[in-house]
Amino acid sequence: MYVALDTAKNHLRIDQSYTEDDNYITLLISVAEERAAKELCMRVEELSTLSDNGIPDGVVMAILLIVGGYYANREEITAVQTKPLEGGALHLLRLYRNYEK
């Protein structure tokens with residue numbers, strides 16, 4: 001995993017001492033990383049090749065936004081209408097996508 005559990009918990013504003021959702025959040029991180037990789041037309045293992053310094057901060061932020069969306073909306077159907085944030089996860093990922101693939 002590229003995003004650590006404690007980083008995701010900070011993003012979600014969950015106290016580190018609360019551990020009941022740790023397995024669930026870890027699952028969300030894995031799913032978010034897979035979704036980010038698919039958007040970039042690559043495998044998860046290749047995300048670190050996007051930059052000489054490993055995974056770019058923009059991709060990490062996109063993964064955290066995806067985790068946050070899934071954590072806040074745990075059901076497939078919601079009574080509240082939601083829309084993606086302007087400049088959200090997909091916008092951040094498109095900054096790193098190779099459109100030649």
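Everything quoted here is computed from the prediction, not taken from an experiment.
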Excluding sequence neighbours, so at least two apart, what forms salt bridge (charged side-chain N to carboxylate O under 4.0 Å, His left out) with [X]?
X	result
Glu45	Arg43
Arg13	none
Asp6	none

Please list every donor-acceptor pair under 3.5 Å in which a side-chain atom of residues 26-41 meets a protein atom from a residue at least two apart or in another chain.
unit_1: Thr26; atom_1: OG1; unit_2: Asp22; atom_2: O; d: 2.8
unit_1: Glu33; atom_1: OE2; unit_2: Tyr2; atom_2: N; d: 2.6
unit_1: Glu33; atom_1: OE2; unit_2: Val3; atom_2: N; d: 3.0
unit_1: Arg35; atom_1: NH1; unit_2: Tyr70; atom_2: OH; d: 3.4

- [ ] Could you list the residues that satisfy side chain to side chain donor-acceptor pair (under 3.5 Å) with Tyr71, not counting sequence neighbours?
- [x]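 Tyr71: side chain to side chain donor-acceptor pair (under 3.5 Å) contacts with Asp21, Arg74.
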
Task: Partners meeting side chain to side chain donor-acceptor pair (under 3.5 Å) with Asn23 (sequence neighbours left out) - done: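 Applying side chain to side chain donor-acceptor pair (under 3.5 Å) to Asn23 gives none.
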
Open item on the list: Return the CG to OG1 distance between Leu12 and Thr7, rounded to the nearest 0.5 Å.
Closed with: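 Interatomic distance, Leu12 CG to Thr7 OG1, rounded to 0.5 Å: 10.5 Å.
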
Sequence neighbours left out, cut at 3.5 Å: what donor-acceptor pairs do the side chains of residues 47-63 make with other protein atoms?
unit_1: Thr49; atom_1: OG1; unit_2: Glu46; atom_2: O; d: 2.5
unit_1: Ser51; atom_1: OG; unit_2: Asn53; atom_2: N; d: 3.1

TODO: Could you pull out the closest heavy-atom pair between Lys9 and Thr19, with the gap in Å?
DONE: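 In this case the closest contact between Lys9 and Thr19 is NZ-CA, 4.2 Å.
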
Open item on the list: Is it the case that over 12 heavy atoms from other parts of the model lie below 6.0 angstrom from the CD atom of Gln16?
Closed with: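 Buried by this count: over 12 neighbours within 6.0 Å.
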
